Amino acid sequence: MKTPKVVFVCQECGAQAPKWMGRCTECGAWNSLVEERAAESTTAAPSNNRFSQFSTSSTARLYAEVEMSRGVRLSTGIGEFDRVLGGGVVPGSLILLGGEPGIGKSTLLLQAAAHFARSVGPVLYASAEESEHQVKSRGDRLGVGDTPLYLLSETCIERILEEVARLSPALVVVDSVQTVWSNKFQSAPGSIGQVREAATQFLFAAKNQNIPTVLVGHVTKDGSLAGPKVLEHVVDTVLYFEGERHHSHRVVRAVKNRFGAVSELGVFEMTGTGLRPVPNPSRLFLSERASGAPGSAVVCCVEGSRPILVEVQALVSTSTYGNPRRMAIGIDQNRLALLLAVLEKRAGLSLAGDDVYVNIAGGMTIDEPAADLSVVAAVASSVRNRPLSDATAVFGEVGLSGEIRGIPQAALRVKEAAQMGFSRVILPAGNVDPADNLQGDGRCELVGVRTVGEALDELIA
Ligand code: TYD
Ligand code: MG
């Protein structure tokens with residue numbers, strides 16, 4: 001008998017080496033090579049290769065002749081989850097849901113599975129991390145009740161797939177892809193080889209039998225999905241579960257979606273009875289805003305297709321150290337440094353001896369340049385110790401010469417601000433364009449500004 005082929009695989013980048021090395025030659029990671037044994041392939045002829053079953057049509061077809069299947073979407077029964085998926089689950093799609101431990105991945109999927117089972121058809125929830133008892137005791141809290149929901153506590157991929165073939169469910173959930181293993185590999189669950197194998201096997205099962213499948217993925221310390229990047233290439237949709245452990249709200253974000261818009265966002269609140277969708281996140285993020293406090297500005301950002309108002313807070317205090325601190329939570333640290341430099345040079349604010357702290361309230365993260373003007377406004381308001389008006393919202397990108405640049409989807413932002421009761425919006429002059437259909441509708445005054453100086457004059461009288 002031939003001995004199985006041994007390869008050493010880098011757990012960071014997936015590169016292979018014939019022998020162990022202290023450092024991966026591809027990505028330079030230290031001590032990341034792990035021994036993996038590939039199983040002997042039992043299939044010799046390419047025709048019965050396990051990959052060949054995947055190809056459905058082997059002859060090329062003319063574009064015009066390909067029939068369109070109507071974009072059927074199956075609702076998960078949770079509006080916010082459907083929204084991130086681009087309107088619901090596409091049959092035969094493979095979805096990866098990543099997030100930190102304890103953030104609520106299993107909770108959300110159990111809730112979605114229960115709804116799905118009730119309205120669409122039987123669901124198989126394969127839990128490799130928890131026993132059926134544990135899943136059920138969580139289900140009791142979530143009020144799952146009597147639905148065709150099958151629980152399977154199993155770690156072997158081949159066994160899970162047997163059950164999928166036996167039950168042919170309408171949805172399969174695998175919790176999690178890092179804890180299942182295939183008997184084709186001898187390496188431990190969670191290693192690159194196993195994770196890749198799991199993703200590929202579930203991909204084939206999903207496409208062949210047209211069963212949508214959701215995989216739960218763990219994330220590493222730095223917040224990226226554990227396992228190789230290939231996982232993200234294999235699946236159709238990648239969702240990230242975000243949120244601060246100390247806040248009750250959670251955000252599910254689409255970072256890749258073959259069937260919908262990316263950066264689409266679903267907002268939830270963790271309650272004693274599971275995750276509750278939050279249809280109006282602006283209200284949630286602004287709920288604890290102190291009125292008349294200096295250093296606070298409200299920005300209208302857009303996540304995917306959804307406008308959200310969030311509060312940006314800044315605190316500027318005299319530094320006691322030679323090296324002043326600049327701390328940003330929820331926005332990019334480098335972006336803050338840039339904005340402070342613009343404030344010093346173009347608006348004449350002196351910040352050289354001050355510590356500057358900027359925080360996005362409620363644990364949100366904003367990476368849009370549209371938030372620039374709100375950061376500048378909050379910092380200036382804190383420096384001068386003068387509050388901004390409670391009824392004013394801002395948005396706009398700040399350029400290095402202190403100019404305010406126009407940003408996309410201005411009308412959507414203004415509409416949301418007006419709806420949330422803001423009577424004045426400071427925005428880039430380039431966005432106040434009659435052709436853009438963007439004149440105040442009487443309820444909300446629009447003030448276009450060209451430079452940082454002009455904006456601060458309007459904001460802090
Ligand atoms: P869980 O879904 O187990 O997280 P993950 O699968 O991402 O690791 O979520 C566990 C957390 O959620 C736990 O800290 C308790 C909390 N929780 C609630 O607050 N209310 C609930 O109804 C449930 C089921 C969990
Ligand atoms: Mg879990």
Side-chain angles (χ1 to χ4, degrees), residues 76-81 84-85 94-118 123-145 147 149-157 160 171-181 189-190 194-195 198-199 202 213-227 231-232 235 237-255 265-278 284 362-363 365:
T76 59
I78 302 177
E80 291 293 300
F81 194 38
V84 248
L85 290 170
L94 188 62
I95 300 160
L96 179 67
L97 175 69
E100 289 185 13
I103 196 115
K105 302 181 291 296
S106 309
T107 306
L108 176 66
L109 289 178
L110 192 59
Q111 283 181 285
H115 278 291
F116 208 86
R118 209 168 292 136
V123 175
L124 176 65
Y125 187 101
S127 174
E129 294 184 350
E130 292 159 314
S131 69
E132 284 125 6
H133 269 105
Q134 287 171 311
V135 177
K136 181 151 186 177
S137 69
R138 175 184 296 124
D140 274 351
R141 288 172 67 186
L142 305 176
V144 166
T147 55
L149 172 65
Y150 293 88
L151 301 182
L152 174 67
S153 183
E154 178 61 63
T155 51
C156 175
I157 298 170
I160 297 175
L171 176 78
V172 177
V173 177
V174 180
D175 190 359
S176 66
V177 70
Q178 273 89 8
T179 44
V180 292
W181 57 277
Q194 289 285 11
V195 169
F202 287 116
T213 304
V214 185
L215 305 177
V216 172
H218 293 172
V219 296
T220 56
K221 275 202 298 295
D222 60 350
S224 59
L225 274 162
L231 205 56
E232 295 193 18
V235 300
T237 305
V238 181
L239 308 177
Y240 271 95
F241 220 129
E242 298 171 356
E244 300 248 332
R245 203 174 291 258
H246 308 293
H247 289 106
S248 63
H249 81 266
R250 304 277 186 273
V251 171
V252 180
R253 206 184 279 273
V255 291
L265 195 88
V267 184
F268 297 90
E269 198 176 344
M270 184 60 99
T271 66
T273 52
L275 288 159
R276 199 174 55 80
V278 178
L284 176 78
T365 312

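Numbering of ligands and ligand atoms starts at 1, following listing order. All values below come from the heavy atoms of this structure, side chains included, with hydrogens, waters and symmetry mates left out. Not measured: the values here are computed from a predicted model.
For Arg118 against Val144, the heavy-atom pair with the smallest separation is NH2-O, 2.7 Å. Counting all heavy atoms, side chain and backbone alike, Ala198 lies closest to Val180 at CB-CG2, 3.9 Å. The heavy-atom pair separating Ser176 from His218 by the smallest distance is OG-NE2, 3.2 Å.
The N/O atoms of Glu130, backbone and side chain alike, include none that comes under 3.5 Å of an N/O atom in ligand 1. In terms of polar-atom proximity, defined here as any N/O pair under 3.5 Å, Asp175 makes no such contact with ligand 1. Ligand 1 has no N or O atom lying under 3.5 Å from any N or O atom of Leu142, backbone or side chain.
Heavy atoms of Glu129 come nearer than 4.0 angstrom to ligand 1 in no pair at all. Judged by the shortest distance from any of its heavy atoms, Gly102 lies inside the 4.0 Å radius around the atoms of ligand 1. Distances shorter than 4.0 angstrom do not occur between any heavy atom of Leu110 and any atom of ligand 1.
Summary of contacts: the protein heavy atom closest to atom 4 (O) of ligand 1 is Gly104 N, 3.1 Å. When hydrogens are left out, the protein atom nearest atom 6 (O) of ligand 1 is Ser106 OG, 2.6 Å; that is the closest non-hydrogen contact.
Distance check, rounded to the nearest 0.5 Å: OG of Ser153 to NE2 of His133 gives 11.0 Å. With values rounded to the nearest 0.5 angstrom, Ile95 atom CD1 is found 9.0 Å from Leu109 atom CG. Note that the CD atom of Glu154 and the CD1 atom of Ile160 stand 6.0 Å from one another [nearest 0.5 Å]. Here the CG-NZ distance, from Leu239 to Lys105, works out to 12.5 Å after rounding to the nearest 0.5 Å. To the nearest 0.5 Å, the span separating CG on Leu171 from NE2 on His115 amounts to 13.0 Å. Taking CG of Leu108 as the start and CD1 of Ile103 as the end, the distance is 11.5 Å to the nearest 0.5 Å.
In this structure, atom 23 (C) of ligand 1 has a protein heavy-atom contact shorter than 4.0 Å.
Short contacts between ligand 1 and Thr271, defined as distances under 4.0 Å to a heavy atom of the residue, involve ligand atoms 18 (C), 19 (O), 20 (N), 21 (C), 22 (O). Close approach of ligand 1 to Thr273 is summarised as follows: ligand atoms under 4.0 Å from at least one heavy atom of the residue are 22 (O). Residue Pro101 approaches ligand 1 through these ligand atoms, each under 4.0 Å from one of its heavy atoms: 8 (O). Listed by number with element, the atoms of ligand 1 under 4.0 angstrom from any heavy atom of Met270 are 12 (O), 16 (C), 17 (N), 18 (C), 19 (O), 20 (N). Near Glu100, meaning under 4.0 Å from one of its heavy atoms, ligand 1 places the atoms 7 (O).
Counting only non-hydrogen atoms, the option in Ile103, Leu275, Leu97, Thr107 that gets closest to atom 1 (P) of ligand 1 is Thr107. Of the options Glu269, Arg141, Lys105, Arg138, the smallest heavy-atom separation from atom 3 (O) of ligand 1 is shown by Arg138.
The distance from the Mg ion (ligand 2) to the nearest N/O/S atom of Thr107 is not under 2.8 Å.
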(request) Assess whether side chain to side chain contact (heavy atoms under 4.5 Å, CB included) is satisfied between Phe202 and Val235, documenting all intermediate values. (result) CA-CA 10 Å; Phe202 287 116; Val235 300; over 6 Å; no
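Proximity of a side-chain donor or acceptor of Glu80 to a complementary backbone N or O of Val267 within less than 3.5 Å is detected.
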